[in-house]
Number of protein chains: 2
Amino acid sequence: MNSTVASMRQDPDSTGSGTRLPTTAYALLGLLSFGRELSGYELKQFSDSTLRFYWSSPAMSQIYSELGRLLDHGLVDSREVDGPGSRTTTKYRINDAGLAELRGWLVTSEAEFPVLKHSVALRLLLAHLVDPGSVEAMLKTYDEQLTERRRDLAAILDGITDDETFRFPAYVAQWGLDYYAAEKRTVRRILRDLNE
Amino acid sequence: MNSTVASMRQDPDSTGSGTRLPTTAYALLGLLSFGRELSGYELKQFSDSTLRFYWSSPAMSQIYSELGRLLDHGLVDSREVDGPGSRTTTKYRINDAGLAELRGWLVTSEAEFPVLKHSVALRLLLAHLVDPGSVEAMLKTYDEQLTERRRDLAAILDGITDDETFRFPAYVAQWGLDYYAAEKRTVRRILRDLNE
DNA sequence: GGACAGTATTCCTAACTGGAATACTTCACC
DNA sequence: GGTGAAGTATTCCAGTTAGGAATACTGTCC
């Protein structure tokens, strides 16, 4: 049997479109907008299997602090759920105010140009400082990591194609696969060039 | 006439490969490894024209604080240079310890898998919450931004090709151009798909 | 029954961003 | 010959984000 102590700390300052939240808060709200009720831990897992591919997957600590903030702003509802043993877990669900806030953010704010933190490219830039062999090794390792990533993402895409609910997530996943394919082509071209 | 008050605060803790620095510190050290003596402000400009395309260009405030740290660790030398009027500017140059530290980092640490903060993809994921028109508008805007970026980067590449000093930076710039081209293809494919 | 993986959460430090504030110089334009 | 805008140079602060460590309870496997 589950307890049903609903909690929803209200912050009068945030009715409607008051303070703008950090992007991570909107990203988490976005994950919750697919309808499921999740714990912080589950949200981290969900985020590792989706956000990771085109947005940094937030640290655990940040997921919990963002959930607290969303709660303070009345954008999610929380509920204590009895788990196995004497254990209780806090689960979170987006509410109408949260959906409205998320929609408001999507239409009123501009998308920034993507930021890439590409340490392989950074190291290639400095390749004049190291021996050619280690640059080649790094690029080969990256090529292998791309293969893995691609496999992971292909598996996820496989699980959501033909499901109309995940039409847009499927576009995004396909985008990711295209990106990995382009990276692979570039890495291989550079490896060829280096051996001339 | 320029003053030549050399300063090099020594930190005994950091002789050789003691504490590991944040990646941004190595990125800046990397920019300085091309040999020029730069002020914080110039380093920001240099970084905006290079790092920006595959690594986030650090904020001004961070450039200055990293320079302070590099100085503390004895990896760069600084010099007060008389500017126009009664003005003096602090200029920084990498030294032998800095080059050694940078080489050490390149060979001993692993390159992490690139992290992408792609707010366009994030918003596309949530496209079920907004009207189709605004998604299309967002993608078109992104397409235009890609054109601009590509132009900027092509100009930079143009300035460094056929200069053997910048052989590796040229590879990286070409990589960026490939990436932008791949993004353009994907965006256009998605725009086509949306109109079906 | 003890080790280990998984679930769930909190705390702390360091890294990083972005904006504001300051100040001086050069240049354009009226 | 003055005024204002743009460029150079730097510092400070608050808030955001990353990442690791610590804690604790549950289920599983040998």
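Note on naming: letters A, B, ... go to the chains in the order of the sequence lines (proteins, then strands), and numbering restarts at 1 for each one.
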Pairs under 3.5 Å (N/O, protein and nucleotides 1-6 of chain C):
none

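Under the 4.5 Å side-chain heavy-atom criterion for Ile, Leu, Val, Met, Phe, Trp and Tyr, B:Val115 and A:Leu124 are members of distinct hydrophobic clusters.
Atom-to-atom distance recorded for A:Asp77:CG and A:Asn95:CG is 4.5 Å, nearest 0.5 angstrom.
Residue-to-nucleotide proximity on DNA chain C shows that, of A:Lys117 and A:Glu42, the 5′-proximal contact is made by A:Glu42. Comparing B:Thr89 and A:Pro22 against DNA chain D, the residue whose closest nucleotide sits nearer the 5' end is B:Thr89.
In the 5' to 3' direction, nucleotides of DNA chain D lying under 4.0 Å from heavy atoms of chain A begin and end at D:dT16 to D:dG27.
In this structure, B:Asp152 and B:Phe53 have side chains that are in contact, with non-hydrogen atoms separated by less than 4.5 Å.
Scanning all heavy atoms of the two residues, the minimum distance from A:Val172 to B:Ala121 falls at CG2-O, 3.5 Å.
To the nearest angstrom, P of C:dC16 lies 15 Å from CD of A:Gln62. The distance between atom OH of B:Tyr64 and atom C1' of C:dT17, rounded to the nearest whole Å, is 16 Å. Between the C1' atom of C:dT7 and the CZ atom of A:Phe46 lies a distance of 18 Å, rounded to the nearest Å. One atom, CG of A:Leu43, and another, P of C:dT7, lie 14 Å apart when rounded to the nearest Å.
With hydrogens and angles left out, the side-chain atoms of B:Arg69 and B:Thr24 include no donor and acceptor closer than 3.5 Å.
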Legend entry - Stepwise side-chain contact (heavy atoms from CB on, under 4.5 Å) test for B:Arg20 and B:Ser109: CA-CA 10 Å; B:Arg20 183 130 291 182; B:Ser109 69; 3.4 Å; yes
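Distance alone, capped at 3.5 Å, places no donor-acceptor pair between the A:Lys44 side chain and the A:Ala59 backbone.
For the ring-ring contact (aromatic ring centres under 6.0 Å, His included) with A:His118, the lone residue among B:Trp175, B:Phe113, B:Tyr179, B:Trp55 that qualifies is B:Trp175.
Counting any heavy atom pair closer than 4.0 Å across all strands shown, B:Ser61 reaches a base atom.
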